[in-house]
Amino acid sequence: MSGVVVETEAYRGLNDPASHAYRGKTSRNRVMFGPAGHAYVYFTMGMHYCLNVTTESDGSPAAVLLRAVQPTEGIEEMAANRGTQDKGRLASGPGNLTKAFKIDRNLNGEDITKSDSLYFESGRAEGAIRMSTRVGVSHGKERKWRYFLAGSPYVSKGRPS
DNA sequence: TTCGTGATACCC
DNA sequence: GGTATCACGAAC
């Protein structure tokens, strides 16, 4: 299975009230404090996993949340995982994304620079990248740290310009 | 719009 | 020990 990332959000620990790392290191967010290039997978809202990739150096908590992916390979498998045929929504939203790709806590802390099961390739989607405020965040709205591919049907619902 | 859902973190 | 909060999604 693979796809093109079309929507992300940035979280930078200290001084970012929306970040899990804002209140310091905990057992849950510890991988955010580690070196860059690791997967941070957490369970939230009682039913959703979210996939992040850590950035910055060891001791500096920061991560990028992957919010939406445009599926390219393994679409049938993702559809089966999601229980829907709606191609435009297979991975549109953090919870949907992890479900489509079967991502769970087994991948928490995975080194994506070495892993065979989860990794990224360089490249860039066609189209304009736009920024907006992050979704579902009550504080820190002055930071427009949500990035998405303009006009893509694969980004999650609610597309402020 | 509303409601389900459960881990986490923080308050006793 | 209890409980308020939450980087959400699906159904209505």
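Small disclaimer: the values here were computed from a predicted structure and weren't measured. Throughout, protein chains are lettered first and strands after them, A, B, ... in sequence-line order, and every chain is numbered starting at 1. In what follows, every heavy atom counts, from backbone to side chain, and hydrogens, waters and symmetry copies are set aside.
Going from atom CZ of R67(A) over to atom C1' of dG9(C) covers 11 Å, rounded to whole Å. Atom pair R12(A):CZ and dA7(C):C1' shows a separation of 17 Å (rounding to whole Å applied). When rounded to the nearest whole Å, the span between NZ of K25(A) and P of dC10(B) equals 15 Å. For the pair L51(A) CG and dC8(C) P, the interatomic distance rounds to 14 Å; values are reported in whole Å. M45(A) has its CE atom 12 Å from the C1' atom of dA4(C), to the nearest Å. Counting to the nearest Å, the P atom of dT5(C) and the CZ atom of R28(A) are 15 Å from each other. Between the C1' atom of dC6(C) and the CG atom of N29(A) lies a distance of 14 Å, rounded to the nearest Å. Rounded to whole Å, the distance from NE2 on H20(A) to P on dT5(C) is 16 Å.
You'll find that the side chain of H48(A) is closest to dG9(C), out of dA9(B), dG9(C), dA7(C). The side chain of M47(A) has dG4(B) as its nearest neighbour among dG4(B), dG9(C), dA7(C). For R105(A), the listed nucleotide lying nearest its side chain is dT8(B); candidates were dG9(C), dT8(B), dC6(C). Closest approach to the Y40(A) side chain among dA7(C), dG9(C), dC8(C) is made by dA7(C) (side chain taken as heavy atoms from C-beta onward). Considering only side-chain atoms of F43(A), the nucleotide from dA7(C), dA9(B), dG6(B) that sits closest is dG6(B).
For T26(A) and dA9(B), the shortest distance from a side-chain N or O to OP1 or OP2 is below 4.0 Å. Distances shown here put a side-chain N or O of N96(A) below 4.0 Å from the OP1 or OP2 atom of dA10(C).
N52(A) comes within 4.0 angstrom of a base, heavy atoms only. Across all strands, R89(A) comes closer than 4.0 Å to no nucleic acid atom at all (heavy-atom distances).
Not a single donor-acceptor pair, N or O on each side, falls under 3.5 Å between the base of dA7(B) and the side chain of Y42(A).
Base-pairing analysis of DNA chain C finds the following stems of at least three consecutive Watson-Crick or G-U pairs, with both pairing distances under 3.5 Å: B:1-4 with C:8-11, B:6-11 with C:1-6.
Checked by atom type and distance alone, the side chain of N52(A) pairs as donor or acceptor with a backbone atom of Y40(A) at under 3.5 Å. With hydrogens and angles disregarded, a donor-acceptor distance shorter than 3.5 Å links the side chain of N29(A) to the backbone of T26(A).
Looking at S156(A) and E7(A), their side chains come closer than 4.5 Å, going by heavy atoms from C-beta outward. Residues V31(A) and T54(A) have side chains in contact (heavy-atom distance under 4.5 Å, counting atoms from C-beta outward). Residues V69(A) and M1(A) are not in side-chain contact: their nearest non-hydrogen atoms beyond the backbone lie 4.5 Å or more apart. Y154(A) places a side-chain heavy atom less than 4.5 Å from the side chain of P71(A).
Cation-pi geometry between R67(A) and Y147(A) is not met at under 6.0 angstrom from the ring centre and within 45 degrees of the axis.
A salt bridge is defined here as a Lys NZ or Arg NE, NH1 or NH2 lying under 4.0 Å from an Asp or Glu carboxylate O, and R12(A) with E56(A) meets this definition.
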